[in-house]
S.K.: 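One structure is given below, represented as structure tokens, and several questions about it will come after.
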Amino acid sequence: MKFAVFSDVHGNLPALQAVAADVDKWGADFTVVNGDVINRGPLPAACWDFVQARAKNDGWHIVRGNHEEYVLNHLNPEKVDKVFQMSLWTLSKIRSSVDQLLALPEQWSKLDERAGELRVTHASMAGSRIGIYPTVPSTSIETFRPLIDPPPSVLCVGHTHLPMIKMIDDTLVINSGSAGQPCYGEKKACYAQVTWHKGGWEAEIVRVPYDRKQTQLDWFDSGIFDETSLITRLIYHEWRTALPLLLKWFREYVPQGTAGLHQQAENHLIESFLESMGMLDISLDDRL
């Protein structure tokens, strides 16, 4: 049994296409797209149409991620997370697919008499925004048991953009990393190959090169910079550098205890941060 899983495409079509080609070459028996296909990137509609076509033609399975939820939250403005105003732009590009987004399940699982349960959910069993990180010390592993409960044989997650393969008790926990927007030094698309082999589960994190120059062109051709707030520049530079800039901005520039920022205040804080990093300007000549 050969199983491919990836997540966190974030509107990066060249990366998605590269991962799909590698999955096809490997010959996966089934493939699960584990959330965050859309939002936080330039081509949400094209990426959504791509995975929908593969679901129809090749039996791919698709799970909802927190960024699908951010987009759907605009259907109920009281739920909107103000930090992710980019999701309103995403909704404008993908509005015709809202019913498909609403129908996405929160998890997918496959039960095998020999291999046990193989389960896929975006972040953890505790919710789509509560991730499982690779820095889990063995001495405090009990604090992570609620994140996999009820424990399957294999749990595949994403969300953190940090690839990981780790045993938690009798569960093989796999974080497939990010297919489209790694932000911890990794500039290749990332996914996981999971195999039932000789009576046990094995997993490998696979990193795939893709056309980053085309993705950069997509950022500039999409109109996203002109049609969204300044935070889009921060996220663009995060993709470009593969560094966790959004988290750095939160920690260093956003006042602690702030529940939300007015757009003007948010832009001011982002502008100050980007200026301090020498990233206020954007250009097709930006180093990739």
S.K.: Under 3.5 Å, is there a donor-acceptor pair between the Asn39 and Thr90 side chains?
M.R.: yes
S.K.: Does the pair Arg207/Glu186 count as a salt bridge with the N-to-O cut at 4.0 Å?
M.R.: yes
S.K.: Check whether NZ of the Lys or CZ of the Arg Arg212 lies under 6.0 Å from the centre of the six-membered ring of Trp239 and within 45 degrees of that ring's axis.
M.R.: yes
S.K.: With a 4.5 Å cut-off on side-chain heavy atoms, are Met277 and Leu245 touching?
M.R.: yes
S.K.: Between Tyr133 and Asn175, do the side chains contain a donor N or O and an acceptor N or O under 3.5 Å apart?
M.R.: no
S.K.: Output side-chain donor-acceptor pairs under 3.5 Å for residues 17-35, partner residues at least two apart or in another chain, one line each.
M.R.:
residue	atom	partner	partner atom	Å
Asp22	OD2	Tyr191	OH	2.6
Asp24	OD1	Arg54	NH2	2.7
Asp24	OD2	Arg54	NH1	3.2
Asp24	OD2	Arg54	NH2	3.4
Trp26	NE1	Gln193	OE1	3.4
Asp29	OD2	Lys2	N	2.7
Asn34	OD1	His122	N	3.2
Asn34	ND2	Thr121	O	2.9
Asn34	ND2	Cys156	O	3.4

S.K.: If we ignore angles and hydrogens, is there a donor and acceptor under 3.5 Å between the side chains of Asp170 and Ser153?
M.R.: no
S.K.: So, using ring-ring contact (aromatic ring centres under 6.0 Å, His included) as the criterion, who are the partners of His161 when residues are at least two apart?
M.R.: His10
S.K.: Is it the case that Asn66 and His159 place a side-chain donor and acceptor less than 3.5 Å from each other?
M.R.: yes
S.K.: Is any NZ, NE, NH1 or NH2 atom of the basic residue among Glu68 and Arg64 found under 4.0 Å from an Asp or Glu carboxylate oxygen of the other?
M.R.: no
S.K.: How about Arg40 and Gln181: does a side-chain donor come under 3.5 Å of a side-chain acceptor?
M.R.: yes
S.K.: Considering residues, nucleotides and ligands other than Gln100, do more than 12 of their heavy atoms fall under 6.0 Å from its CD?
M.R.: yes
S.K.: If I take atom OG1 from residue Thr215 and atom CG from residue Leu13, how far apart are they, to the nearest 0.5 angstrom?
M.R.: 8.0 Å
